[in-house]
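The first residue in the sequence is number 1, and the count goes up from there. Computed over heavy atoms, backbone and side chain alike; hydrogens, waters and symmetry mates excluded. Every value quoted in this text rests on a predicted model; they were computed, and no experiment measured them.
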Amino acid sequence: MDEDFIRGRAEHIRELATKADPFIQKRLLDLADSYERRLRPPPHTAPRATGVYSQLQAQR
C-alpha cells in the first residue's frame, strides 16, 4: 500500500476513535497503531554468533 494512504487511514481511524465509546475506541486505536507499524522498518536483529565460541556453547 502507498505510505500516504496508510497515514491517512490511520489518521481517519484516530478521528473516529475520539467519538467512540471506550471499548470501540481502544480497538480503533489498536487498528490505527497496526497501520502505523507498517510504515516503520522492522527492528534490526543482531546476527547469531558463529565460530569456535558458539560451537563450544552448543556442545555443553
Considering non-hydrogen atoms only, spot the tightest contact between Ser34 and Leu31 and give its length.
OG-O, 2.6 Å
Please round to the nearest 0.5 Å and tell me the distance separating atom OG1 of Thr18 and atom CG of Leu29.
9.0 Å
Please, which pairs that meet side chain to side chain donor-acceptor pair (under 3.5 Å) have at least one residue in residues 20-32, sequence neighbours excluded?
Lys26-Asp30
Separation between CZ (Arg37) and CD1 (Ile6), nearest 0.5 Å, reads 12.5 Å
Kindly list each side-chain donor-acceptor pair under 3.5 angstrom involving residues 9-17, sequence neighbours excluded, with atom names and distances?
from, atom 1, to, atom 2, distance (Å)
Arg14, NH2, Asp33, OD1, 2.6
Arg14, NH2, Glu36, OE1, 2.9

